[in-house]
Amino acid sequence: MQKFIRNKGKIEEIKPFKSKNGKVFARLRGMKDVLPDEYRYWSLISKKINELTKTYGYKRIDTPILENAELYERSTGKTSDIIAKEMFSFIDKNDDKIALRPEGTPGIVRSYVEHGMFNLPQPVKLFWLGQVFRHDKPQAGRFRQFTQIDLECIGEKGPVIDAQLILIAYNFFKELQIDIMIQINSIGCSECRKAYINKLENYYKERGNRTKLCNDCKRRLGKNSLRLLDCKEDQCIAISADAPQIIDYLCEECKNHFVKVLEYLDEVEVPYNLNSHLVRGLDYYSKTVFEIWPIDADDSNVEVSRQLALGGGGRYDGLVEYLGGRPAPACGFGIGVERVILKIKEKNIPLKDDDQADIFVAQLGDQARRKAMILFEELRRAGLQVRQDFSKDSLKNQLEVANKLGTKYSLILGQKEIVDGTILIRDMESGIQEVVDFKKIRQEITKRLNNEIK
Ligand SMILES: [Zn+2]
Ligand SMILES: [Zn+2]
């Protein structure tokens with residue numbers, strides 16, 4: 001598309017900037033720049049999650065972006081889509097296979113084990129926020145580098161933790177005014193799941209069901225049979241509709257655990273939908289699994305919701321031991337930040353601008369500019385919310401900036417005021433201006449701001 005600009009009355013075409021060798025760089029496919037205008041969404045989200053994690057006792061942890069690729073192959077699972085299709089990995093200069101983390105949990109568990117966190121009072125509650133990388137097909141709300149919030153509670157087997165994590169996720173969305181529904185299921189423990197998978201495999205093999213499955217499912221059957229339940233292909237959804245449900249095969253312990261989780265959720269009035277087809281695609285889950293699906297008033301298409309799940313998680317009682325630690329039951333969840341932002345934008349949820357300032361310092365002429373710069377620093381150091389745009393010469397332009405920033409007062413310093421030793425206070429709403437002794441400006445402006453709060 002051609003773009004034009006008016007230059008001294010003549011219309012000229014804007015030519016894209018070309019470097020000397022003619023190459024113009026663009027970001028990689030599936031990657032995203034977060035521009036200043038969008039950053040207020042990020043601030044909102046980090047403020048909300050910081051508030052919640054503090055209240056529920058989760059402490060911040062960061063882990064490296066690069067890890068040994070085997071960490072993910074062993075924990076997330078070689079047959080999972082994340083590892084089999086989407087992980088960014090490469091061989092480094094030492095011939096080691098390195099991965100850009102495709103999810104948060106394995107690195108957090110590695111850190112728990114490596115730093116002997118089992119010596120700390122249990123459970124250890126961790127909050128993580130970082131970039132993850134998946135070589136996925138880019139689409140709305142889905143990028144190859146994206147950001148996840150992870151909460152992990154390691155060292156506690158009680159079902160109250162599962163319920164509380166779901167409650168935290170629920171509160172997060174509710175307080176951001178995003179309507180969601182929790183989808184929940186139990187996939188049992190390694191013991192009871194075995195019997196169920198047997199039943200499930202028999203079901204898919206009988207009555208010619210197998211031939212109707214998609215190619216992915218044909219391949220998965222017998223290797224990762226649970227995954228057939230959440231395949232998104234129409235023919236597989238139709239066959240899975242009558243598949244046996246794991247709930248009927250849970251052992252006593254798994255069943256009691258699940259019932260308790262649901263009871264706690266009922267108690268704190270978190271709505272949920274029992275979803276017998278929810279399995280999550282990762283190897284390490286056991287017992288409770290859940291996902292957070294958006295509800296759109298005008299959208300009854302469940303498939304769209306599931307593909308754009310805003311987050312999910314579950315229990316992973318065996319992972320810590322599997323990664324070489326002392327056995328420690330655990331539970332956690334992740335939220336995709338970019339998808340949450342997309343929801344906030346879609347729903348036009350009004351955002352408060354926390355960049356609101358009280359005072360704008362404007363100047364006219366070089367001498368006034370110098371004096372205004374000193375005044376600005378003085379007010380800033382006094383803790384006042386003050387703004388400026390000293391690169392502009394025209395008063396009109398400066399007051400426009402002040403208006404945009406929503407400042408209550410502008411302090412205007414011009415040649416006349418310099419000579420008189422005064423300064424103008426302009427009430428930005430009424431436009432009324434008042435001359436004040438320059439030496440008293442700090443007291444004057446503080447007094448007005450204080451009056452306003454009352
Ligand atoms: Zn069990
Ligand atoms: Zn399928």
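In this chain, residues are counted from 1 in sequence order. For ligands, and for the atoms within them, numbers begin at 1 and follow the listed sequence. Just so we're clear, the structure is a prediction, and the values are computed from it rather than from any experiment.
- Under the 6.0 Å distance and 45° angle rule, Arg60 counts as a cation-pi partner of Phe127.
- For the Zn ion (ligand 1), the count of nearby protein N, O or S atoms, meaning those under 2.8 Å away, is 4.
- You'll find the side chain of Met117 stays beyond 4.5 Å of the side chain of Ile154, heavy atoms only.
- Protein N/O/S atoms closer than 2.8 Å to the Zn ion (ligand 2): Cys214 SG, Cys217 SG, Cys231 SG, Cys236 SG.
- For the side-chain hydrogen bond (donor to acceptor under 3.5 Å, both in side chains) with Asp162, the lone residue among Lys287, Lys157, His257 that qualifies is His257.
- At most 12 heavy atoms of other shown residues, nucleotides or ligands fall within 6.0 angstrom of atom CG in Asp37.
- Between Glu38 and Lys345 there is a salt bridge, with a side-chain nitrogen of the basic residue lying less than 4.0 Å from a carboxylate oxygen of the acidic one.
- Because its NZ or CZ atom is both nearer than 6.0 Å to the ring centre of Tyr322 and within 45° of the ring axis, Arg74 counts as a cation-pi partner of that residue.
- Counting heavy atoms from C-beta on, the side chains of Trp42 and Thr147 come closer than 4.5 Å.
- Put simply, the side chain of Phe390 reaches to within 4.5 Å of the side chain of Val361, judged on heavy atoms.
- Because its NZ or CZ atom is not both nearer than 6.0 Å to the ring centre of Phe90 and within 45° of the ring axis, Lys97 does not count as a cation-pi partner of that residue.
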